[in-house]
Amino acid sequence: MGKLAVCALRAVLVVVLAGTVFVQAGMVWVLVSGSDPEDGSLPLTPLRVITILGMVSVQVALVCVWRLVTMVRRGTVFSRAAFRYVDGVIGAIVAAAMLWFAVTVLNAPGQREDPGVTVVMGGVGVAILGVALIVLVLRMLLAQAVARDIEAARMQAELDEVI
C-alpha cells in the first residue's frame with residue numbers, strides 16, 4: 001500500500017471520526033437538555049439513542065480499519081493479530097444492521113399507507129448484513145494467507161536446517 005494511499009485513507013478516517021463525534025455530541029446535547037420537543041409524529045428519543053449507538057459502531061469500525069492499515073504499512077497484516085480487528089469490523093457492521101432494523105421497526109407504524117418504504121428500509125438492512133458477509137469472506141481469505149505464511153516459514157526453517 002503506497003504512502004499516499006495510506007495518508008489519504010487516514011485523512012478520510014479522521015474526517016469521518018470527527019463527524020461521528022460531532023453528531024454524537026449533538027444528539028447527547030439534545031437528549032440531556034430536552035431542547036427539542038417531540039411533536040408526536042415519530043418517537044424521537046429512541047431514534048436519537050439509536051443514532052448515538054450507530055455512531056459508536058461506525059467509530060469502532062474506523063478504529064479497526066486504522067489499526068489494519070497500520071499493520072499493512074508495517075507488513076504485519078498477515079498475522080493472527082489482524083483477526084481481532086477484522087472481527088471488530090464485522091461486529092460493527094452487524095451492530096449497524098441491527099440498529100437499522102430497529103429504525104425500520106420504529107418507522108413502520110407511520111408507513112401504513114405506503115408499506116413500500118418499510119420494505120425498502122428492510123432491504124437496506126439486509127444489504128448492510130451483506131457487507132458483513134463480504135468482510136467475513138475476506139477474513140477467510142486472510143486466514144488462508146496467514147496459514148500459508150506460517151507454513152512457508154516452517155518450510156523455510158526446515159530448509160535452513162538442511163543447508
Side-chain angles (χ1 to χ4, degrees), residues 1-36 38 42-107 117-153:
M1 193 169 193
K3 192 172 187 172
L4 181 62
V6 169
C7 288
L9 179 58
R10 285 186 173 166
V12 169
L13 293 174
V14 166
V15 168
V16 173
L17 184 63
T20 59
V21 169
F22 179 74
V23 169
Q24 275 180 321
M27 291 293 162
V28 168
W29 174 254
V30 169
L31 281 174
V32 171
S33 69
S35 62
D36 188 19
E38 297 186 24
L42 279 175
L44 294 181
T45 300
L47 289 173
R48 288 186 184 110
V49 171
I50 290 170
T51 300
I52 292 167
L53 294 174
M55 295 297 109
V56 169
S57 69
V58 170
Q59 291 164 351
V60 167
L62 291 172
V63 169
C64 290
V65 169
W66 183 283
R67 295 293 300 151
L68 286 168
V69 169
T70 300
M71 293 179 82
V72 167
R73 198 74 184 124
R74 291 180 183 159
T76 60
V77 75
F78 293 113
S79 66
R80 297 199 188 279
F83 293 125
R84 172 180 29 193
Y85 302 114
V86 176
D87 291 341
V89 171
I90 293 169
I93 295 170
V94 170
M98 294 302 115
L99 291 168
W100 182 256
F101 286 130
V103 169
T104 303
V105 167
L106 287 173
N107 188 48
V117 172
T118 303
V119 172
V120 169
M121 289 178 72
V124 169
V126 171
I128 295 169
L129 286 175
V131 172
L133 288 173
I134 291 170
V135 177
L136 181 62
V137 169
L138 294 174
R139 185 195 186 283
M140 289 185 225
L141 292 173
L142 177 63
Q144 288 179 352
V146 168
R148 292 205 178 164
D149 195 41
I150 291 170
E151 179 66 19

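These numbers come from a predicted model, not from an experiment.
Between atom CG of residue L133 and atom CZ of residue R139 there is a gap of 13.5 Å, rounded to the nearest 0.5 Å. Interatomic distance, L9 CG to L4 CG, rounded to the nearest 0.5 Å: 11.0 Å. Between the CG atom in L13 and the CZ atom in R10 there is a gap of 8.5 Å [rounded to 0.5 Å]. Atoms CG and CD, on L31 and Q24 in that order, are 11.5 Å from each other to the nearest 0.5 Å. One distance of note links CG of L53 with CE of M27; it measures 12.0 Å at 0.5 Å rounding. Between L47 atom CG and I52 atom CD1 the span is 11.5 Å, to the nearest 0.5 Å.
Among the candidates T20, L17, L99, the single residue satisfying the side-chain contact (heavy atoms from CB on, under 4.5 Å) test with M55 is T20.
Scanning all heavy atoms of the two residues, the minimum distance from V146 to S79 falls at CG2-N, 3.6 Å. Closest non-hydrogen pair, V89 versus C64, comes out as CG2-CB, 3.5 Å. Closest heavy-atom contact between A96 and S57: CB-OG, 3.8 Å. Contact record, G2 with R73: C-NH1, 4.2 Å, taken as the closest heavy-atom pair. When every heavy atom of V23 is checked against every heavy atom of T51, the shortest pair comes out as CG1-CG2, 4.0 Å. The two residues V60 and G88 come nearest to each other via the heavy atoms CG1-O, 4.0 Å.
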Derivation and outcome, side-chain contact (heavy atoms from CB on, under 4.5 Å), residues V63 and Q59: CA-CA 6 Å; V63 169; Q59 291 164 351; 5.6 Å; no
Exercise. Decide side-chain contact (heavy atoms from CB on, under 4.5 Å) for R67 and V86; before the verdict, give the C-alpha distance in whole Å, the side-chain angles of both, and the deciding distance to 0.1 Å.
Key: CA-CA 10 Å; R67 295 293 300 151; V86 176; over 6 Å; no
Between K3 and V6, is the side-chain contact (heavy atoms from CB on, under 4.5 Å) condition met? List the steps.
CA-CA 5 Å; K3 192 172 187 172; V6 169; 5.7 Å; no
Problem - Full working for side-chain contact (heavy atoms from CB on, under 4.5 Å) between W100 and L129 - result: CA-CA 10 Å; W100 182 256; L129 286 175; over 6 Å; no
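The environment of F83 atom CZ is dense: over 12 non-hydrogen atoms of other residues, nucleotides or ligands sit within 6.0 angstrom. Other residues, nucleotides and ligands place no more than 12 heavy atoms under 6.0 Å from the CZ atom of F78.
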